[in-house]
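Data block below; observations after.
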Amino acid sequence: MPARLAQQPIHVSVPTSNSFDALAGDKDTAAQDDLDERVALALRLIDAVLDEDDRLVRMLVLEEKVDAWVQDQQGWTALHAAAYTGNVEHIKLLLRKSNAVWAMPDNLGCTAGDIAFSMNHDRAYEELLAEGIRAEMLRSVLESASASDSDSAMVDDAEPSPSDAPKLSTASDNATFLSSRLIFTTDSRGQAVALDAEGNGVMMNWEEGIMRRTVEALAREGGWEGRKGRARGELLSEEERGEREGLKVLNVGFGLGIVDTHLQSYSPTSHLIIEPHPDVLAFARKNGWFDKPGVRFYEGTWKQWMGDLESGKEEYEGWDAIYFDTYSENYADLHRFFELLPDILSSSPSARFSFFHGLGATSRLLYDIYTSVSQMHLREIGLQTEWEEVDVAEGVVGRWESTGEAAEGERTKGEGEKKYWREEMVGRYRLPVCRLEM
Ligand SMILES: C[S@@+](CC[C@H](N)C(=O)[O-])C[C@H]1O[C@@H](n2cnc3c(N)ncnc32)[C@H](O)[C@@H]1O
């Protein structure tokens with residue numbers, strides 16, 4: 001979920017370890033001297049930016065062509081320094097005239113944009129945000145071009161990896177996740193959790209508040225709030241007599257069944273759940289989900305379901321409410337799902353789509369970028385998005401426990417625990433509610 005999509009939200013070709021180590025690794029003396037000099041100049045650039053020595057900054061960037069991506073001991077680059085001073089001209093110079101990397105995190109995981117945000121340098125933040133949005137939009141254009149070149153648009157990539165392939169993580173590779181075991185248990189605070197084979201939280205009960213608020217928003221916007229708590233039989237009779245519209249809901253990714261439980265409280269006429277993981281399906285079966293009236297499971301991935309829609313095995317029904325929350329997929333997958341929406345969302349003006357927006361939730365800058373990029377991609381296919389802000393803490397106990405799902409997440413508590421949502425930096429959860437523009 002959340003970061004399930006944000007496991008690898010940003011793919012940039014930059015060194016991931018401290019740049020000093022990378023540069024210092026070369027044993028050749030002449031080359032080493034050259035590297036030492038480059039590092040020294042890069043550190044000088046950081047100092048010059050911090051001193052706002054405009055002449056020196058310009059000389060180092062324009063004449064010396066200093067490597068602006070080099071990090072100091074705290075992981076700062078010249079761009080972090082410019083974000084700290086809020087000097088917009090330096091930010092522009094570094095981004096346009098040198099090899100500064102907007103997404104480079106420092107040792108605490110902060111990008112330059114996060115630094116600008118925390119210093120309340122609004123213009124500097126906007127500049128870095130615009131750069132991130134541009135880069136991500138470009139990346140997704142290139143990704144979709146290469147996906148169509150390789151004719152993979154409808155191919156399900158959730159095939160088991162060959163045994164000689166490098167070991168992939170359950171948190172970032174969907175096929176690896178789907179072929180590994182899941183455990184349904186409770187954490188030390190008694191909250192339900194689903195953990196993957198690496199101990200990452202696939203779904204945790206702290207997300208209950210978000211799931212409830214999502215279904216409430218879909219129901220309110222979709223005009224089916226009034227179904228809540230009514231007997232299913234009565235609702236169906238009203239539908240048959242033409243006194244009430246039917247309600248068709250589709251959820252992609254069952255997890256702990258939290259969002260589906262909320263959807264069920266409105267007794268939908270039909271409720272399709274797409275879920276491929278055998279352990280999740282067994283959990284759902286054990287908890288009676290296969291016997292609920294109106295509920296049907298598609299036992300496969302959403303990409304397999306797309307293939308079945310195309311081949312006519314599954315029907316394009318036109319759903320009134322669609323929710324998407326998978327695991328170990330990335331933004332490119334979500335984007336592909338967006339493109340299916342005009343064909344599967346009911347043409348009724350009250351039809352709504354939502355998805356779990358945990359994209360880039362390790363950084364304020366990344367969260368803002370993915371909010372904008374997803375909204376732009378949805379607009380491209382004719383969907384308008386409104387965002388509701390949700391306090392993730394709402395009614396939740398110990399929500400940060402044992403979430404290893406953000407691969408780049410910071411260790412925060414005991415061994416094996418990582419922080420997923422950097423609340424202090426990212427702020428409130430943004431709940432998307434999308435509808436077709438009429
Ligand atoms: C985060 S959980 C969903 C939680 C759910 N929203 C809830 O309220 O409990 C993600 C689910 O997506 C499923 N999933 C993973 N990959 C998928 C795929 N390619 N297609 C459909 N579902 C997938 C996982 O097995 C898991 O059950």
Side-chain angles (χ1 to χ4, degrees), residues 1-7 154-160 168-184 191-197 200-216 218 249-265 271-285 287 289 297-309 314 321-337 340 353-359 361 396 403-406 420-421 429 431-432:
M1 139 154 239
R4 307 170 242 287
L5 286 160
Q7 309 302 330
M154 293 300 297
V155 175
D156 189 348
D157 37 29
E159 291 297 321
L168 296 164
S169 166
T170 49
S172 55
D173 183 71
N174 201 236
T176 305
F177 165 69
L178 294 177
S179 57
S180 68
R181 297 307 309 267
L182 275 189
I183 312 171
F184 290 84
Q191 297 187 95
V193 286
L195 301 176
D196 72 12
N200 302 308
V202 176
M203 184 65 187
M204 290 142 290
N205 210 43
W206 66 258
E207 290 152 301
E208 146 73 27
I210 292 174
M211 296 299 140
R212 175 177 50 75
R213 287 283 301 270
T214 300
V215 175
E216 283 171 359
L218 291 171
V249 300
L250 163 61
N251 176 42
V252 183
F254 181 78
L256 291 172
I258 300 175
V259 86
D260 290 298
T261 300
H262 286 292
L263 287 167
Q264 274 294 301
S265 68
H271 183 166
L272 175 61
I273 300 169
I274 299 178
E275 174 56 54
H277 200 296
D279 296 343
V280 178
L281 290 164
F283 171 80
R285 194 171 272 113
N287 287 285
W289 277 89
F297 277 80
Y298 176 88
E299 301 186 29
T301 66
W302 63 268
K303 289 178 192 168
Q304 286 167 334
W305 180 69
M306 267 168 82
D308 284 350
L309 282 175
E314 286 283 316
I322 299 179
Y323 189 60
F324 183 96
D325 176 14
T326 66
Y327 181 75
S328 73
E329 293 197 295
N330 57 32
Y331 181 70
D333 297 306
L334 177 63
H335 187 195
R336 271 171 77 185
F337 187 81
L340 184 63
F353 165 66
S354 186
F355 60 94
F356 189 91
H357 177 26
L359 303 160
V396 176
T403 71
E405 52 188 32
Y420 157 62
W421 192 283
Y429 172 79
L431 188 167

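All ligand and atom numbering here is 1-based and tracks the order in the structure. Computed from a predicted model, the values in this text were never measured in an experiment.
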**OP:** Return yes if a side-chain donor-acceptor contact under 3.5 Å exists between Thr326 and Glu329, otherwise no.
**Re:** yes
**OP:** Classify the ring geometry between His335 and Tyr331 as parallel (under 30°), tilted (30 to 60°) or perpendicular (over 60°).
**Re:** parallel
**OP:** Walk me through it: do His262 and Glu216 pass the test side chain to side chain donor-acceptor pair (under 3.5 Å)?
**Re:** CA-CA 8 Å; His262 286 292; Glu216 283 171 359; over 6 Å; no
Subject >> Numbered atoms and elements of ligand 1 in range of Phe177, under 4.0 angstrom, heavy atoms >> reply: 15 (C), 24 (C), 25 (O)
Original post:
Are any of the N or O atoms of Met211 closer than 3.5 Å to those of ligand 1?
Top reply: no
Original post:
If you measure from atom 11 (C) of ligand 1 to every heavy atom of Ala192, Gly253, Pro278, Ala175, which option wins on shortest distance?
Top reply: Gly253
Subject >> Distance filter under 4.0 Å to Leu256 heavy atoms, resulting ligand 1 atoms >> reply: 9 (O)
**OP:** Check whether any N or O atom of Gly255, backbone or side chain, sits under 3.5 Å from an N or O atom of ligand 1, and answer yes or no.
**Re:** yes
Original post:
Is Val252 close to Asp325 at the side-chain level, that is, under 4.5 Å between some pair of heavy atoms?
Top reply: no
Original post:
Looking at ligand 1, does any of its N/O atoms fall within less than 3.5 Å of an N/O of Gly257?
Top reply: yes
**OP:** Would you check the N or O atoms of Val259, main chain and side chain alike, for any that come under 3.5 Å of an N or O of ligand 1?
**Re:** yes
**OP:** Please work out whether any backbone atom (N, CA, C, O) or any side-chain heavy atom from C-beta onward of Lys303 is under 4.0 Å from ligand 1, and answer side chain, backbone, both or neither.
**Re:** neither
**OP:** Return the minimal non-hydrogen interatomic distance between Ser328 and Thr170, and the atom names on each side.
**Re:** CB-O, 3.2 Å
Original post:
Judging by distance only, is a nitrogen or oxygen of His277 under 3.5 angstrom from one on ligand 1?
Top reply: no
**OP:** Verify the ring-centre separation between Phe356 and Tyr429: is it less than 6.0 angstrom?
**Re:** yes
Original post:
Which ligand 1 atoms are under 4.0 Å away from a heavy-atom of Val280?
Top reply: 25 (O), 27 (O)
**OP:** Could you tell me whether Met203 and ligand 1 have an N or O pair separated by under 3.5 Å?
**Re:** no
**OP:** Could you pull out the closest heavy-atom pair between His277 and Phe177, with the gap in Å?
**Re:** NE2-O, 3.3 Å
**OP:** Could you tell me which atoms of ligand 1, counted from 1 in the order shown, lie closer than 4.0 angstrom to a heavy atom of Glu275?
**Re:** 11 (C), 12 (O), 13 (C), 24 (C), 25 (O), 26 (C), 27 (O)
Original post:
Quick check: does Phe254 get an N/O under 3.5 Å from an N/O on ligand 1?
Top reply: yes
**OP:** For ligand 1, indicate whether the residue Asp325 contacts it via side chain, backbone, both or neither (heavy-atom separation under 4.0 Å).
**Re:** both
**OP:** Verify whether the ring centers belonging to Trp289 and Phe283 lie closer than 6.0 Å.
**Re:** no
Subject >> Side chain, backbone, both or neither: the part of Asn251 lying under 4.0 Å from ligand 1 by heavy atom >> reply: neither
**OP:** Determine whether the aromatic ring centres of Phe353 and Phe324 lie less than 6.0 Å apart.
**Re:** no
Original post:
ligand 1 and Thr326, any nitrogen or oxygen pair closer than 3.5 angstrom?
Top reply: no
Original post:
Closest approach of Asp196 and Ala171, non-hydrogen atoms and distance?
Top reply: OD2-N, 4.0 Å
